[in-house]
S.K.: 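There's a structure below that I have some questions on.
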Amino acid sequence: MNNRYGKLASLVYHLDKPVGRSFGDVEYYLERLQGTSGPILEPAVGTGRILIPLLQAGLDVNGFDLSQEMLDYCQRELELRSLKTTLQLAGFTDFIADRPLEAIVVPAGSFQLLDSFEQGIAALSRFHASLKPGGRLLLDLDPVAAIVSVQSGMRTWSAPPHGLITLNATALEKDYCAQVTREMHRYELWEHGVLLETQLEQFSLRWWGVQELRMALEQLGFGEIVISGGYQYGKTPQDTDGIISFEARKL
Ligand SMILES: C[S@@+](CC[C@H](N)C(=O)[O-])C[C@H]1O[C@@H](n2cnc3c(N)ncnc32)[C@H](O)[C@@H]1O
């Protein structure tokens, strides 16, 4: 299975992007969701990096994720702060929303982890079905230009108390027609120079065009679409923007 976020990948995410760490997205989502009284869902919620600040702001947010390891971190972070919410072990195309949602938020380019056009459309149509009329979908994309910069490389993290984690990412394929990149991620946990554990994960992303996603949203019954660059609501995206944010309303 691709994009598994198993034990070592989850630990790396937790170390690299701890709860509350913002790339401008935490503030952006807090501002865009201000005053939302109804239920909000964060698909691919991960360790709660965004979910927890939203809960702390008094918003009614639930989450789901396909990785039990990521959800375990999230649950622990919630307990540390005496926060409660519902976390569901589910994927983008089979999650259950037990009440009509006021908003769905998909930060951090997580939507691109669905690595085919068809799966992306299936997720968008499930989002549409789960929203109440007038409800909003807020979703981030990495700019498509980044497809060319996907390349092999190595990163390391200290894993307290004595460990070191290495990640060797090998770029395997760039399928420009399908707009999909595939990498092999090899995680290794070392202690005092001894290799304790290795995990391999296939990692793939689909790179959506801006107008492609706009048309898909329109065809699925979304309107009032606002596309913004660099977490500045309403600012037309430029090539220099590191992120492109969509906001669309269920008609
Ligand atoms: C980049 S992390 C984002 C976590 C969190 N939203 C944040 O902003 O920090 C991506 C998350 O997507 C989850 N994921 C990957 N494929 C998924 C799928 N098909 N359905 C649901 N979650 C998925 C991973 O397990 C991981 O927790």
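Atoms within a ligand are numbered from 1 in the order they appear, just like the ligands themselves. Computed over heavy atoms, backbone and side chain alike; hydrogens, waters and symmetry mates excluded. Computed from a prediction, not measured in an experiment: that's the story for all the values here.
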S.K.: By number and element, which atoms of ligand 1 are closer than 4.0 Å to a non-hydrogen atom of L113?
M.R.: 10 (C), 12 (O), 15 (C)
S.K.: Looking at non-hydrogen atoms alone, which of A90, P43, A108 comes nearest to atom 21 (C) of ligand 1?
M.R.: A90
S.K.: Parallel, tilted or perpendicular: which describes the rings of F64 and F95, with under 30° parallel and over 60° perpendicular?
M.R.: parallel
S.K.: Answer side chain, backbone, both or neither: which part of V45 comes under 4.0 Å from ligand 1, heavy atoms only.
M.R.: backbone
S.K.: What residue and atom, counting heavy atoms only, is the protein's closest point to atom 18 (C) of ligand 1, and at what distance?
M.R.: F92 CD1, 3.4 Å
S.K.: If you measure every N or O of A44 against every N or O of ligand 1, does any of those distances drop under 3.5 Å?
M.R.: yes
S.K.: To the nearest 0.5 angstrom, please state how far the OH atom of Y5 sits from the CD atom of E69.
M.R.: 12.5 Å
S.K.: Taking NZ, NE, NH1 and NH2 as the nitrogens, is one of them in D25 or R49 under 4.0 Å from a carboxylate oxygen of the other?
M.R.: yes
S.K.: Which of the numbered atoms in ligand 1 are below 4.0 angstrom from a heavy atom of M70?
M.R.: 26 (C), 27 (O)
S.K.: List the closest protein heavy-atom neighbour of atom 8 (O) of ligand 1: residue, atom name, distance to the nearest 0.1 Å.
M.R.: R49 NH2, 2.9 Å
S.K.: Name the closest protein heavy atom to atom 27 (O) of ligand 1, giving the residue it belongs to and the distance to 0.1 Å.
M.R.: D65 OD2, 2.6 Å
S.K.: Looking only at heavy atoms, which two atoms of L124 and A216 are closest? And how far apart?
M.R.: CD1-CB, 4.2 Å
S.K.: Ignoring hydrogens and angles, tell me if any N or O in the side chain of S130 forms a donor-acceptor pair with the backbone of R126 under 3.5 Å.
M.R.: yes
S.K.: Within ligand 1, which atoms have a heavy atom of G46 less than 4.0 Å away?
M.R.: 4 (C), 27 (O)
S.K.: So does R136 pair up with E224, basic N to acidic O under 4.0 Å?
M.R.: no
S.K.: Report, in ascending order of atom number, the atoms of ligand 1 lying under 4.0 Å from any heavy atom of G91.
M.R.: 20 (N), 21 (C)
S.K.: Considering all heavy atoms of both residues, which atom of L51 and which atom of C74 are nearest to each other, and what is their separation?
M.R.: CD2-SG, 3.8 Å
S.K.: Do any N/O atoms on E42 end up under 3.5 angstrom from N/O atoms on ligand 1?
M.R.: yes
S.K.: Can you tell me how far the CZ atom of R99 sits from the NZ atom of K132, to the nearest 0.5 Å?
M.R.: 9.0 Å
S.K.: Considering non-hydrogen atoms of the protein only, which is the closest contact for atom 22 (N) of ligand 1, and what is the distance?
M.R.: L66 N, 3.4 Å
S.K.: Does the residue Y13 have a heavy-atom contact with ligand 1, meaning some pair of atoms that are separated by less than 4.0 Å?
M.R.: yes
S.K.: Under a 4.0 Å threshold between the charged nitrogen and the carboxylate oxygen, would R206 count as salt-bridged to E212?
M.R.: yes
